[in-house]
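What follows is one structure encoded as structure tokens, with my remarks underneath.
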Amino acid sequence: MNRPDGKLEEEKVFKDPVHRYIHVDDELIWQLIGTKEFQRLRRIRQLGTTYVTFHGAEHTRFNHSLGVYEVMRRMVKNLQKNSEWDEDERLVCLASALLHDVGHGPFSHSFEHIFHLDHEKWTRNIITGDTEINEVLQKMGDDFPTKVANVIAKTYDNKLLVSLISSQIDADRMDYLLRDAFYTGVSYGQFDMERLLRVMRPDEDQAVFKHSGMHAVEDYIMSRYQMYWQVYFHPVTRSAEVILSKILHRAKELLADNYPFKITPVHFKSMFNDEVTLNDYLKLDESIILYYFQAWEEEDDPILSDLCKRFMNRRLFKYVECDPSKQVVIWEELRQLFEKIGLNPDYYLVIDSSSDLPYDFYRPGEKDERVPIYLLMPNGSLSELSRQSDVVEAISGKKRTDHKLYFPKDFLTDETSFPEEKRRIMALLLSQEE
């Protein structure tokens with residue numbers, strides 16, 4: 001068994017709209033791209049339901065994974081110029097970047113929340129399990145798959161390498177901000193990646209950035225902040241996610257009640273029973289999910305049928321801004337009114353919350369500890385970013401959260417039945433925004 005640690009006879013090049021070209025000259029990387037588990041990522045969108053809001057957001061985890069590999073390849077190329085870089089780690093670094101998202105399921109984070117799954121755990125399972133990816137990695141040595149899995153788990157001994165793929169400024173984030181901005185057609189995610197790579201320097205446990213490149217780091221932080229609130233947490237996208245989650249919850253409930261499906265959800269059975277195997281997991285992609293959703297439009301269960309029609313035809317729930325303290329006062333009356341007019345509040349009255357912390361520095365004892373970004377000062381010392389940047393200091397440690405209450409406005413404004421109750425419901429809902 002030949003180790004695939006050599007170079008290809010001829011470099012392979014992927015044309016890419018974000019990085020222009022993605023270069024592959026390592027046999028290992030080329031073989032990993034060709035595995036069926038990596039090719040599966042072509043059938044999973046990078047941004048889940050965001051395509052219902054931004055019609056260009058059809059790019060996939062495959063696109064993104066190649067992009068992260070390319071950013072990492074450029075990082076390594078720059079870091080190789082520094083005497084502190086360990087050349088033996090190069091292929092571990094590149095393989096980890098390429099494979100970091102291979103465990104994502106269809107509709108990504110929405111899917112994870114519903115089934116209590118962790119894509120990073122499934123990524124490690126794919127890397128170390130009975131897969132084509134593991135077979136390729138094993139050719140590099142028995143411990144090579146474990147090394148790659150440990151990088152993704154953030155337990156690898158070389159913390160510098162871990163930081164390149166998982167930190168507050170890393171190859172993963174650099175690619176998805178630029179790529180998601182490109183495909184959604186917004187300008188918020190733009191920043192000077194080339195400048196960041198030029199001012200990046202290896203330190204003992206993480207990459208640091210020359211002080212002269214501070215403004216490029218500031219642009220990156222602000223791009224991330226804007227993308228989360230303008231794209232990732234867009235209320236229309238969140239409405240689609242709410243309906244997606246309710247469809248799967250309804251199907252799980254019906255299966256548990258032995259409901260006679262016209263199209264039985266065989267692909268979901270192990271998921272619904274919390275007995276999912278690696279083989280079952282790898283069979284799921286978005287084409288499978290959408291096949292069921294389209295078929296379930298014809299189911300006799302009115303809730304499942306209606307929710308699937310809404311998702312497939314973009315008849316989404318509307319929303320009002322929600323104050324949790326006000327919501328407590330009206331919640332019970334709302335639920336009773338929904339039940340009276342024939343709407344199950346468990347499926348048609350949904351509070352959804354989003355929060356983001358754009359940048360933070362080390363806070364001893366805090367649960368979600370973040371390694372800060374450090375600047376390399378002219379005298380050789382390190383200084384935490386927010387101590388040098390007024391822009392970053394203004395948003396450091398400030399977690400922003402908002403809550404929205406989703407409901408089927410089209411049904412509630414149709415007063416051919418229960419007009420008084422529907423008017424009362426709308427009055428209660430609108431009172432949330434006063």
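A salt bridge is absent between K283 and D280: the closest approach of a Lys/Arg side-chain nitrogen to an acidic carboxylate oxygen does not fall below 4.0 angstrom. In this structure, E194 does not pair ionically with R198, as no charged nitrogen and carboxylate oxygen lie closer than 4.0 Å. Using a 4.0 Å cut-off between charged side-chain N and carboxylate O, E89 and K147 make no salt bridge. Ion pairing between E253 and R250 holds under the 4.0 Å rule for side-chain N and carboxylate O. A salt bridge does not link D346 to K246: none of the charged side-chain nitrogens sits closer than 4.0 Å to a carboxylate oxygen. With respect to the salt-bridge test (charged N to carboxylate O, under 4.0 angstrom), the residues R43 and D285 qualify. Taking 4.0 Å as the cut-off between side-chain N and carboxylate O, E286 and R45 count as a salt-bridged pair.
Side-chain contact between D16 and R179 is present, with heavy atoms from C-beta onward closer than 4.5 Å. A 4.5 Å side-chain heavy-atom check between F38 and S65 finds at least one atom pair inside the cut-off. Between D192 and Y220, the closest side-chain pair of non-hydrogen atoms is not below 4.5 Å. At least one side-chain heavy atom of M271 sits under 4.5 Å from a side-chain heavy atom of L284. Taking 4.5 Å as the limit, some side-chain heavy atom of V76 sits within range of a side-chain heavy atom of M72. Side-chain contact check for L429 versus F407: some heavy-atom pair is nearer than 4.5 Å. With contacts defined as side-chain heavy-atom distances shorter than 4.5 Å, the pair I165/D170 does not qualify. Looking only at side-chain heavy atoms (C-beta outward), D180 and Y188 stay at 4.5 Å or farther from each other.
When the options I288, L244, L304 are evaluated for a side-chain contact (heavy atoms from CB on, under 4.5 Å) with F293, the one that passes is L244. Exactly one of F317, Y319, Y348 qualifies for a ring pair (Phe, Tyr, Trp, His ring centres under 6.0 Å) with Y406. That residue is Y319. The side-chain contact (heavy atoms from CB on, under 4.5 Å) test with H104 is passed by exactly one of R40, E120, E112: E112.
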Under the side-chain contact (heavy atoms from CB on, under 4.5 Å) criterion, do T131 and L278 qualify, and how do the steps go? CA-CA 9 Å; T131 61; L278 181 57; 3.8 Å; yes
Take K404 and D402, measure what salt bridge (Lys or Arg N to Asp or Glu O under 4.0 Å) needs, and give me the verdict at the end. CA-CA 7 Å; K404 288 181 169 55; D402 83 339; 2.5 Å; yes
Step by step, work out the side-chain contact (heavy atoms from CB on, under 4.5 Å) result for Y374 and Q206. CA-CA 9 Å; Y374 284 104; Q206 69 181 101; 3.6 Å; yes
Stepwise salt bridge (Lys or Arg N to Asp or Glu O under 4.0 Å) test for E70 and R74: CA-CA 6 Å; E70 176 61 18; R74 295 183 194 178; 2.9 Å; yes
Quick one: do R90 and D26 satisfy salt bridge (Lys or Arg N to Asp or Glu O under 4.0 Å)? Show the steps, please. CA-CA 11 Å; R90 191 179 72 87; D26 290 293; 2.6 Å; yes
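Taking every heavy atom of both residues into account, I152 and T123 meet most closely at CD1-CG2, 3.7 Å. Contact record, G67 with I22: N-CD1, 4.0 Å, taken as the closest heavy-atom pair. The minimum heavy-atom distance between R124 and A153, with the atom names listed, is CD-CB, 3.5 Å. Scanning both residues, V52 and R314, for their nearest heavy atoms gives O-NE, 2.7 Å. When all heavy atoms of E218 and S389 are compared, the pair lying nearest together is OE2-OG, 2.5 Å.
Classified by interplanar angle (parallel below 30°, tilted 30° to 60°, perpendicular above 60°), the ring pair F54/H234 is perpendicular. Ring pair W296/Y292 is tilted by interplanar angle, where 30° to 60° counts as tilted. The aromatic rings of F311 and F107 stand perpendicular to each other, their planes meeting at an angle above 60°, with 30° marking the opposite boundary.
H59 and Q46 share no side-chain donor-acceptor pair at under 3.5 Å. A side-chain donor-acceptor contact under 3.5 Å links Q388 and S383.
Side chain of S381 to main chain of M377: no donor-acceptor pair is present (N/O by atom type, distance under 3.5 Å, no hydrogens or angles).
With ring centers used as reference points, H64 lies under 6.0 Å from H100. In this structure, the ring of Y21 has its center no less than 6.0 angstrom from the ring center of F14.
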